[in-house]
Number of protein chains: 2
Amino acid sequence: MTSSTDNSCLVTKLSHYMTLSETDRGHLARLEEAEDEIEPQTDCTTEGDPLERLYVVKTGWLYSYLDMPDGRRQIVQLHHAGDMVGFPDIAFTRVATTLRSCTPAILCPFPKSALSEIFATAPRLTALIFAIAARDQIVLTDMLRATGRMTATERVANLHLSLLTRLRITNSRMTDTFNLPLSQREIGDVLGLTNVSVSKSTTQLEQDGLIARHGRQVQILDEERLAQLVSFDYRFDNIDTSWFPAY
Amino acid sequence: MTSSTDNSCLVTKLSHYMTLSETDRGHLARLEEAEDEIEPQTDCTTEGDPLERLYVVKTGWLYSYLDMPDGRRQIVQLHHAGDMVGFPDIAFTRVATTLRSCTPAILCPFPKSALSEIFATAPRLTALIFAIAARDQIVLTDMLRATGRMTATERVANLHLSLLTRLRITNSRMTDTFNLPLSQREIGDVLGLTNVSVSKSTTQLEQDGLIARHGRQVQILDEERLAQLVSFDYRFDNIDTSWFPAY
DNA sequence: CGCGCTATTGATGCGTCTCAAAATGAGTGG
DNA sequence: CCACTCATTTTGAGACGCATCAATAGCGCG
């Protein structure tokens, strides 16, 4: 348990977009005061539960999903280190999605009221958090475009590009290879496909020389052609902070 | 052109969730100072344009969509009177989606900096706007669930329920009938279907006695059975304001 | 070594897309 | 009020893609 700002991946991530003041860092450190260690493949909060806390992801991969009564499942968000989890839920008293870990993870829970405090005292940080939430929403619209209007292979290609560009933000030394700790069934639940289709599509991309796999490591061999295939939009490089409050 | 708070549907809509102070109303009125009249079926901003302003919808229906180069299209958001348009875009300098009207509409454009001013001076209103944006995101996850994991008929049923509950928020006297100014092609673009599938699915729902159509008016005949069919979650009745800043 | 989970591969079926034509409806001008 | 146009909706036939089911192969781990 620590609240030093040195090893805060939230601070690291947000610093990428905006210079954080000492007070800002203090606010963010408060969000990471508590730590929960999570086993892989465990549900942290379940759809319908009363909503008590939001989370900062310290380490690990997690996802949020929705269930249908007959067992169909849709994963709606992927969460990585430095992400804040639960924004869509803050408007309501019950959580809308189930949060599940796919690797060992460390979560930092914090109450909604911590956010309220930031709103009341740190306008510039508020704007940044708002912008981050807005970015999440863009990711969702891209997923919707993929699920609604792309073929199976295009969806898999799109997911790989989307992950690559997201992970690059924090890992600037990452170039074309990343770890993908999702089973094909889980990938299918992200993309609205079956595990079988994911397998066939992934093999297809591999045979076409677009990607390569080494265990769970995925290598993007021809990023340009992939991007063209799904008309991928590189939006996440930076955030427009020009309109933010001054302090 | 008017800025009186009397006929502001934004104030009306937000008042539904939280008691607005006079300063809050003043802030919101500023967002509606300008008015643009929009013809039906016209693009207001186009994907990739530099982002200058956000909008409040004063009257009319609009939607935001994404294009694929081959003509495929995905509508990702529907906007009604009292909605704020453009939150997902504020993080970036270019707009991510195209905004298009499907009826005659009146839009009130305002600059990002107006939002910044609210952040800096009105924490409680900031929290509410944040909650509204969060609610938008929930709508998106529900659309994703529908597009990814439902059959054509289920998707159409889900859309009808979703619209019914959203429109009820502002129209408290509305019970089971509403106007649906979308063509079946547009509905298809919302749901990731073709116009043909939408036609067949809608006819199906009508034959099953779940809905009825009178021109563009849609009547929900058996809401309970519809809700069960798609395991619909009624979340939008109210927003949790308990954690909001005091002033 | 053997167990269990994940990924692959193939055969078959179903649902939605595609293509096309007819029916319906709204708007316009004679 | 009718004739005409144009867009939308409906209906049908056929093709295609993904789901489903099932069997095999690969891999991590005790």
Side-chain angles (χ1 to χ4, degrees), chain A residues 39-42 61 68 70-74 100-104 146-160 179-208 211-218 229, chain B residues 39-42 61 68 70-74 100-104 146-160 179-208 211-218 229:
Chain A
E39 297 289 308
Q41 308 299 335
T42 55
W61 280 46
M68 299 278 288
D70 59 2
R72 285 176 287 183
R73 186 173 77 147
Q74 178 69 44
R100 188 178 174 88
S101 59
C102 44
T103 69
T147 315
R149 290 304 189 201
M150 287 187 193
T151 66
T153 310
E154 287 169 343
R155 293 186 214 181
V156 173
N158 192 66
L159 177 66
H160 282 87
N179 190 48
L180 181 57
L182 294 169
S183 73
Q184 291 186 344
R185 174 168 303 280
E186 289 168 322
I187 296 176
D189 287 337
V190 174
L191 301 175
L193 297 169
T194 57
N195 58 334
V196 179
S197 281
V198 173
S199 173
K200 285 169 179 168
S201 297
T202 311
T203 307
Q204 181 68 44
L205 291 174
E206 205 168 22
Q207 283 173 354
D208 292 351
I211 66 168
R213 286 178 287 178
H214 319 96
R216 312 226 95 159
Q217 293 289 114
V218 179
L229 178 65
Chain B
E39 298 288 307
Q41 307 299 335
T42 55
W61 281 47
M68 300 277 289
D70 60 2
R72 285 176 286 181
R73 187 173 76 148
Q74 178 69 44
R100 189 177 174 87
S101 58
C102 44
T103 68
T147 320
R149 290 305 188 200
M150 287 187 192
T151 66
T153 310
E154 288 168 344
R155 293 186 214 181
V156 173
N158 193 66
L159 178 66
H160 282 89
N179 191 46
L180 180 57
L182 294 170
S183 73
Q184 292 185 344
R185 174 168 304 279
E186 288 168 323
I187 295 176
D189 286 337
V190 174
L191 301 175
L193 297 169
T194 57
N195 59 332
V196 178
S197 283
V198 173
S199 172
K200 285 170 177 165
S201 298
T202 311
T203 307
Q204 181 68 44
L205 290 175
E206 204 168 22
Q207 283 172 355
D208 293 350
I211 66 169
R213 286 179 286 178
H214 321 95
R216 311 228 94 159
Q217 293 289 114
V218 179
L229 177 66

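Only a predicted model underlies this, so the values are computations on that prediction, with no experimental measurement involved. The sequence lines fix the lettering, A, B, ..., with proteins before strands; numbering per chain opens at 1.
- Atom CD of A:Q184 is separated from atom C1' of C:dA7 by 5 Å (rounded to the nearest Å).
- Although no hydrogens or angles enter the test, the distance criterion places no donor-acceptor pair under 3.5 Å between the side chain of A:T147 and the main chain of B:G148.
- For the side chain to side chain donor-acceptor pair (under 3.5 Å) test, residues two or more places apart in sequence or in another chain that qualify with B:T151 are B:E154.
- As a whole-Å value, the separation of B:L182 CG from D:dT9 C1' is 15 Å.
- Annotation: B:R185, atom CZ; neighbour count of heavy atoms from other residues, nucleotides and ligands within 6.0 Å does not exceed 12.
- We find that CG of A:L205 is positioned 12 Å from P of C:dT8, with the value rounded to whole Å.
- How far CD1 of B:I187 is from OG of B:S201: 10.5 Å, rounded to the nearest 0.5 Å.
- Protein atom CZ of B:R216 is 10 Å distant from nucleotide atom C1' of D:dA7, rounded to whole Å.
- Taking atom CD1 on A:I187 and atom C1' on C:dT6, their separation rounds to 12 Å, with Å as the unit.
- Partners of A:D208 by side chain to side chain donor-acceptor pair (under 3.5 Å), not counting sequence neighbours, listed by chain and number: A:Q204.
- A:N158 pairs by the side chain to side chain donor-acceptor pair (under 3.5 Å) definition with nothing, not counting sequence neighbours.
- Atom CZ in A:R72 sits about 12 Å away from atom P in C:dG15, given to the nearest Å.
- Shown here are the side chain to side chain donor-acceptor pair (under 3.5 Å) partners of A:T203, two or more places apart in sequence or in another chain: there are none.
- Side chain of B:R213 to main chain of B:V218: no donor-acceptor pair is present (N/O by atom type, distance under 3.5 Å, no hydrogens or angles).
- Residue B:H214 contributes atom NE2, which lies 17 Å from atom C1' of C:dG25 at whole-angstrom precision.
- Each end of the helix from C:dC1-D:dG30 to C:dG30-D:dC1 gets its own axis, taken as the rotation carrying the C1' atoms of four end pairs onto the next four within a five-pair window, and the two axes meet at 40° to the nearest 10 degrees.
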One character per nucleotide, please: for nucleotides 13-30 of chain D, 5' to 3', B when the base has a protein heavy atom closer than 4.0 Å, S when only the sugar-phosphate does, - otherwise. B----SSBB---------
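- When the C1' atom of C:dA26 is taken as reference, atom CD of B:Q41 falls 14 Å away, rounded to whole Å.
- Comment: A:R149 engages B:D189 in a salt bridge, judged by a side-chain N to carboxylate O separation of less than 4.0 angstrom.
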